[in-house]
Structure formats: C-alpha cells, structure tokens
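What follows is a set of notes on a single structure, which appears directly below.
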Amino acid sequence: MPSSEAPLDDLARTPGVPKPDPILIVDNVQRTFGGLQAVNVQSLQIQRGTITSLIGPNGAGKTTLFNLLTGFDRPQHGDWHLNGGALVGIPSFRVARRGMVRTFQLTKSLARLTVLENMLVAAKDQVGESFWGGLFGRWRHIEAANEAKAMASLERFGLDHMASHYAGSLSGGQRKLLEMARALMVEPEVIMLDEPMAGVNPALTQTLLGHISALRDDGKTVVFIEHDMDVVQEISDWVVVLSQGTVIAEGPPAHIASNHDVIDAYLGLHHGEKP
Amino acid sequence: MDWVKILIDAGRAAVGVPAAAYALSAIGLNLQFGYTGLLNFGHVASMMVGAYGMAITVDRGGSMWLGVIVGILLALILGLILGIPTLRLRADYLAIVTIAAGEILRILVRSSWAEPVTNGILGIQAFADEFFDLNPIPVGLYGIGRFRFDERTVWVMILGWGLVAVVTLFMWKLTRSPWGRTIRAIREDEDAALSLGKNVFGYKLQSLMVGGAIGALAGMFLAIDQQNVTPDTYIPLLTFYAFTVVIIGGPGSLLGPITGSMIFWFLFEFLDGVMTGAVLNDWFFGWFEATDIGPIRFALFGVGLMWLMIYRPQGLFGSHEEMLIDAQ
C-alpha cells in the first residue's frame with residue numbers, strides 16, 4: 001500500500017528521474033572489479049519518507065551499490081550526497097553516524113552479546129563508549145535511558161522476552177528482527193535493508209513488512225533489496241531496477257511489473273507470460 | 001614417590017612469582033584477544049619493551065620508578081607503531097605481522113648495533129635494588145610446613161599479586177563500561193560494528209596499546225624478580241604461554257587469566273614432579289630418561305591444550321551456553 005500522498009505518481013518513468021524531495025542523490029557512481037563493471041549508476045535519487053525497492057537479477061550489483069553508498073567499498077568514480085552532504089571518501093562508521101544505516105544480507109547478530117547488549121551497542125551519544133569516558137565518565141544515566149528505549153523497541157519487535165539471552169541463541173527470523181531493531185537504535189534517517197526477507201517464512205515476512213511500513217510511517221526513508229516481486233508490489237512506493245550495474249528502469253511498482261525491459265532482464269520470462 | 005612433596009611444590013608454583021607474572025601478562029593479552037578478538041602473536045614484544053625500558057633507564061642513572069614510566073610509554077608507542085599499519089588487516093595477517101615484529105625487535109636488541117644501549121646478548125643486571133631496599137619483611141621463612149617462601153620471594157609476590165589485583169580492578173571497570181561492550185561487539189563482527197557507527201580501527205588500536213602496556217608491566221615485574229634482562233628471554237614461546245593461560249582461564253573472562261595462570265603453573269610443576277618420580281622409579285621401563293622430562297611435559301601440555309580447544313573452547317570455567325553459540 002503506497003503512501004496516500006503519492007508524491008511520485010506524476011513523475012516520468014525514466015531511469016534517473018529527479019525526485020521532488022530527494023534525501024539521497026547518486027551521481028555517476030562506478031565500480032569495477034578487474035574487467036567487470038559491477039556498478040555504473042549514472043543518476044539515482046531516493047525520495048524522502050518513502051519505501052524504495054531495489055530489484056534486479058543476481059549479480060546486478062545491488063549489494064555492491066549498497067556497499068558503495070554506505071562506505072563499505074570505494075568506487076573508482078562518482079559522487080553521492082545524503083541530505084546535501086557529500087559522502088565520498090567518508091568511512092562507513094561515519095556514514096552511519098550521519099544517518100544512513102545498513103543491514104546485511106547474511107544477518108550479523110553479535111552472537112556472544114545478549115539481545116539487549118546488541119541494542120545498547122548501537123545507541124548513539126554514549127560518553128562511556130570512549131576509553132576515558134568508560135573508566136571515569138558519568139555514563140550510567142545515559143545507559144538507563146538507552147535501556148528503556150531499547151526495551152521499548154524490543155517489545156515492538158516481539159523480542160523483549162529474549163532480552164537477556166545471547167543473540168547467538170536466537171532463531172534465524174528473530175535475528176532478522178533484532179538486526180532491524182538494532183539499526184533503528186542508531187536513529188537513522190535512511191535505513192538500507194539488504195534482503196531482509198531472504199530465507200524467512202511467509203508469516204514472518206508479513207511481520208517484517210509490517211515493521212518496514214511502520215518505519216515509513218515514522219518518517220524514515222527505506223531502501224531495500226528484495227527478490228520477491230509479490231513483496232515488492234505490496235510495500236514499495238517506488239521501484240528501481242538494476243541490471244548489469246546500471247539502472248534500467250524505475251517507477252511505481254505497477255508500472256515496473258508490466259515493463260518489458262524489466263521482465264526480460266530480471267524475471268527472465270517470455271513476453272506475455274505472467275510472472 | 002613423594003606425593004605430598006609434589007603437591008606442595010605444585011601449590012607453591014600456583015601462587016608463586018611466575019604465576020603472578022603470567023597472570024599479569026595474560027590479562028593484557030586477554031584484553032586484546034579475549035575481548036577484542038585481536039590475534040596478537042607478538043605479545044612478548046611489549047613485555048620486552050617494558051623490561052628493557054626500565055633496565056636501560058636505571059642503567060643510564062635514572063630511578064627505577066622513572067624506568068617503570070618509560071617502560072609503559074614504550075609499550076604504548078610500540079602498540080601504536082604496530083597497530084596503525086596492521087589493524088586494518090584481517091585477523092590472520094595481524095598474527096603473522098605481530099609474531100614477526102616481536103622477533104625483529106628481539107634480534108635488534110641483541111644485535112651489536114644496539115649493544116651500546118642494550119648491552120647485547122649479555123643484557124642488563126641489578127637494576128631493581130631500589131625495590132628490594134624497600135623490603136620491610138624481616139629475614140626468615142614464611143608459610144606452613146614445607147609450603148614456605150623466604151622474605152625476598154614474599155616481597156616480590158606481594159608486588160606481583162598486588163599488581164594483578166590493581167590491573168584486574170582496572171579491567172573490571174573498563175570491560176563493564178560501554179567501551180568494553182563495544183570491543184566485544186567488534187570481536188563478534190567488525191562489519192556490524194562499523195554499520196552501527198563504531199570506529200572499529202580506533203577501538204582496536206586502543207585495545208592493542210592498553211593490552212601492551214599491561215604486558216609491559218608483566219615484563220618489568222619478571223625482570224625485577226630476576227634482576228636481569230637478556231634478549232633471548234623474550235622468545236615467541238612466552239606469547240604462547242600467555243595464550244595457553246588465557247585459553248585455560250577462558251578468553252574474555254575477567255578472572256580467567258588469574259585462574260588460568262595458577263592452573264598452568266600448578267600443572268607445570270605437578271607434571272614435572274610426577275615425571276621425575278616416574279623416571280626415578282623406572283615406571284617407563286627405561287624408555288625415558290630424566291633429560292626427556294622437559295620435552296614430554298611440553299608434549300603433554302600441547303595435548304591438554306588441544307583437548308581444551310576441542311571440548312571446552314570457552315575455558316575451564318566458561319559458560320556452557322556460550323560454548324553452544326560457538327558451535328553454531
């Protein structure tokens with residue numbers, strides 16, 4: 001269910017189309033591995049406060065683009081801005097502090113930390129996180145506030161009963177939920193989810209979709225990589241299709257589903273056949 | 001075989017000077033390896049730098065207390081120099097670089113080029129008189145029955161276990177702070193920590209430097225006890241002893257290095273006593289002689305360490321729940 005304002009309905013359905021209120025602007029970002037052009041995105045803008053799906057066949061460069069934008073990899077060329085601030089050459093941890101947090105395709109729970117500790121690690125502005133601050137700083141009242149916030153968030157994600165357990169003892173689905181809840185502790189404006197629904201049962205997929213919609217309702221911008229077209233149709237405001245490193249199409253989900261280029265590149269089906 | 005004597009000797013070793021020194025050294029390594037996940041195979045280098053820093057300062061006419069400060073500063077600088085190029089590498093590369101750095105430093109210290117300062121392979125002696133002059137304990141033997149120590153040993157033991165207590169308190173404060181939680185998060189997954197806005201490199205550098213400074217304290221303490229530093233004391237084997245102690249006690253546990261060191265030295269002396277007795281009583285049908293005891297003891301230790309890594313990687317006192325997570 002795309003958002004009711006639907007500010008994107010009037011836009012042209014061409015790759016690289018400018019958005020009315022972009023939070024993330026990507027210009028000519030290129031990354032090659034040897035002779036392979038992994039990412040070559042001429043222009044891409046992400047509208048603030050929407051859910052944008054990034055789809056494309058395996059090897060299209062979706063995760064590489066995520067890595068580049070969040071500072072986990074460096075492009076040979078290119079420029080990108082978050083909220084008007086340049087992010088070129090900014091290390092990954094500073095990208096996170098500036099308000100763009102990513103999750104990983106293979107869930108990275110901090111196994112030998114408890115679920116609550118996983119949440120507290122992510123909390124911002126804890127003076128006790130510096131060496132001297134940890135030894136002599138007054139961090140306990142900050143910790144208490146963070147703990148209250150973390151518990152509220154865990155409750156929302158249905159993990160509050162697991163708070164004192166090691167994260168390594170969680171099920172796969174619970175780890176997905178924890179990773180999402182943990183990313184939110186950083187208070188990001190943009191949250192980048194790399195295949196949050198991969199390997200998750202249908203019931204949990206619905207739960208995760210509910211959480212992702214709720215993020216948009218809270219005013220956050222969500223960019224997520226997904227393979228399942230049904231999921232993409234259900235939740236996205238806008239869909240960007242990547243193939244062989246370039247954006248080949250973008251538009252509202254209904255438009256993308258009927259786009260022949262996309263069907264050729266991504267779905268690999270013959271024309272006229274329903275995906 | 002005199003079992004009582006063997007047990008008493010082993011008990012003396014468990015609370016003795018080397019046990020305190022290895023506990024201290026292992027506390028530093030535990031911060032790096034147990035809490036932060038840094039595979040530092042050159043821990044002995046910080047022990048050497050600490051010991052030599054102090055010895056050279058005294059040799060040049062400085063006071064021993066100034067020497068302690070010099071030793072700690074040198075270890076911090078060593079951590080900085082070693083950390084900046086290596087901490088961006090993956091864990092196994094860090095291990096290779098640190099073991100090489102430790103050896104380079106040892107060979108440098110024993111070289112004729114450095115002889116004017118380090119006195120080459122002969123090393124430096126008698127630099128801790130200031131400490132022994134302060135000994136308030138009257139001459140005599142202290143303890144019960146055969147479990148006794150002379151006044152010099154008691155004085156060194158007070159220093160050693162006192163240092164262990166103070167450093168453990170420091171570690172308690174540090175590892176229970178948000179800083180400690182962050183380094184554990186880095187141990188679990190660097191990328192996750194980066195994605196949550198943590199300056200992973202900075203934390204690893206701090207951990208390497210602080211762990212090195214604690215290692216330097218251990219090196220100085222050993223040197224004070226022996227009143228002697230020679231380069232060939234600081235061979236990589238010392239690092240691996242420290243790893244053994246950390247693993248016995250459980251990596252990432254606060255008291256692990258202390259219990260680990262006590263168990264290490266107890267077993268070390270106990271095996272020595274039993275093997276000696278066994279050879280004397282000809283229990284091995286003449287297969288082994290007294291000179292074989294040392295190597296056999298090491299072999300048994302190696303087997304024990306393997307057993308520990310396979311069945312109890314969380315250490316003898318680590319939690320069962322934590323071990324199950326490791327297996328996943």
Side-chain angles (χ1 to χ4, degrees), chain A residues 66-67 70-72 91-104 106-114 116-137 139-140 142-143 146 165-170 179 182-183 185-188 192 194, chain B residues 31 34-37 76 79 88 167 169-211 213 250-253 313-314 318-328:
Chain A
F66 259 38
N67 288 344
T70 51
F72 277 83
S92 51
F93 72 92
R94 290 199 197 282
V95 173
R97 290 182 191 175
R98 287 200 183 186
M100 184 157 75
V101 171
R102 59 95 48 98
T103 65
F104 296 89
L106 296 170
T107 321
K108 293 185 183 295
S109 59
L110 306 168
R112 284 179 294 169
L113 267 61
T114 67
L116 181 60
E117 282 178 322
N118 263 266
M119 298 291 283
L120 293 175
V121 157
K124 277 168 67 166
D125 303 324
Q126 168 56 280
V127 293
E129 272 191 2
S130 75
F131 180 77
W132 297 113
L135 280 177
F136 306 114
W139 48 265
R140 285 183 198 279
I142 306 174
E143 191 80 346
N146 287 343
H165 289 71
Y166 280 121
S169 66
L170 296 181
E179 197 175 19
R182 192 177 65 193
M185 285 296 284
V186 190
E187 296 175 352
M192 318 261 287
D194 193 348
Chain B
L31 178 63
Y35 285 97
T36 324
L76 290 173
R88 297 182 199 276
V167 173
L169 202 67
F170 166 82
M171 285 288 289
W172 176 78
K173 194 97 164 81
L174 196 57
T175 54
R176 265 144 195 77
S177 75
W179 187 87
R181 183 175 55 218
T182 309
I183 59 168
R184 284 187 294 130
I186 290 167
R187 172 192 71 195
E188 296 300 310
D189 197 306
E190 276 184 31
D191 283 341
L194 282 172
S195 79
L196 299 172
K198 308 302 162 199
N199 182 357
V200 168
F201 176 75
Y203 280 101
K204 290 204 291 193
L205 193 59
Q206 286 175 345
S207 171
L208 192 71
M209 288 170 69
V210 175
S253 82
Q314 80 281 33
S319 78
H320 188 63
E321 196 192 352
E322 196 164 317
M323 188 184 74
L324 290 178
I325 288 164
D326 273 351
Q328 281 177 357

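A note on names: the letters A, B, ... follow the listed sequences, proteins ahead of strands, and every chain is numbered from 1. Predicted, not measured: the structure shown is a model, and the values here were computed from it.
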Which atom pair, heavy atoms only, marks the closest approach of A/G128 to B/S177?
O-OG, 4.1 Å

Looking only at heavy atoms, what is the nearest atom pair of B/R181 and A/E117, with distance?
CD-O, 3.9 Å

Using non-hydrogen atoms and a 4.5 Å limit, figure out which bit of A/R94 sits close to chain B: side chain, backbone, both or neither.
neither

Is chain B contacted by the side chain of A/R140, its backbone, both, or neither, given a heavy-atom distance below 4.5 Å?
neither

B/R176 portion near chain A, given a 4.5 angstrom heavy-atom threshold
backbone

With a 4.5 angstrom heavy-atom cut-off, is it the side chain or the backbone of A/I142 that approaches chain B, or both, or neither?
neither

With a 4.5 angstrom heavy-atom cut-off, is it the side chain or the backbone of A/Q126 that approaches chain B, or both, or neither?
side chain

Identify which part of A/E143 has an atom lying under 4.5 Å from any heavy atom of chain B, answering side chain, backbone, both or neither.
side chain

With only heavy atoms counted, which part of B/Y203 is less than 4.5 Å from chain A, the side chain, the backbone, both or neither?
side chain

Can you tell me how far apart CZ (A/R112) and CG (B/D189) are? Round to the nearest 0.5 Å.
12.0 Å

Highest number of heavy-atom pairs under 4.5 Å with chain B among A/M192, A/E129, A/M100, A/K124 belongs to A/E129

Could you report the tightest heavy-atom contact between A/L110 and B/A185, atom names first, then the distance?
CD2-O, 3.5 Å

For B/K173 versus A/L135, what's the shortest heavy-atom pair and its separation?
NZ-O, 3.0 Å

May I ask you to decide whether A/K108 forms a salt bridge with B/E188, counting only side-chain N to carboxylate O separations under 4.0 Å?
no

Evaluate the side-chain proximity of A/F131 to B/L174: yes if any heavy-atom separation is below 4.5 Å, no if none is.
yes

For chain A, the option from B/V200, B/T182, B/D191, B/V210 that forms the most heavy-atom pairs under 4.5 Å
B/D191

Restricting to salt bridge (Lys or Arg N to Asp or Glu O under 4.0 Å), what partner residues turn up for A/R98, sequence neighbours left out?
none

Relative to chain B, which of A/G71, A/P91, A/S92 shows the most heavy atom pairs under 4.5 Å?
A/S92

Closest-packed option against chain A by number of heavy-atom pairs under 4.5 Å, given B/G252, B/A192, B/S195:
B/S195

Under a 4.5 Å heavy-atom cut-off, does chain B meet the side chain of A/A167, its backbone, both or neither?
neither

What part of A/S130 gets closer than 4.5 Å to chain B, counting heavy atoms only: side chain, backbone, both or neither?
backbone

As an exercise: rank A/T70, A/L120, A/N118, A/V101 by heavy-atom pairs under 4.5 Å with chain B and give me the winner.
A/L120

Using non-hydrogen atoms and a 4.5 Å limit, figure out which bit of A/V121 sits close to chain B: side chain, backbone, both or neither.
both

Sub-4.5 Å side-chain heavy-atom contact between B/N199 and A/R97:
yes

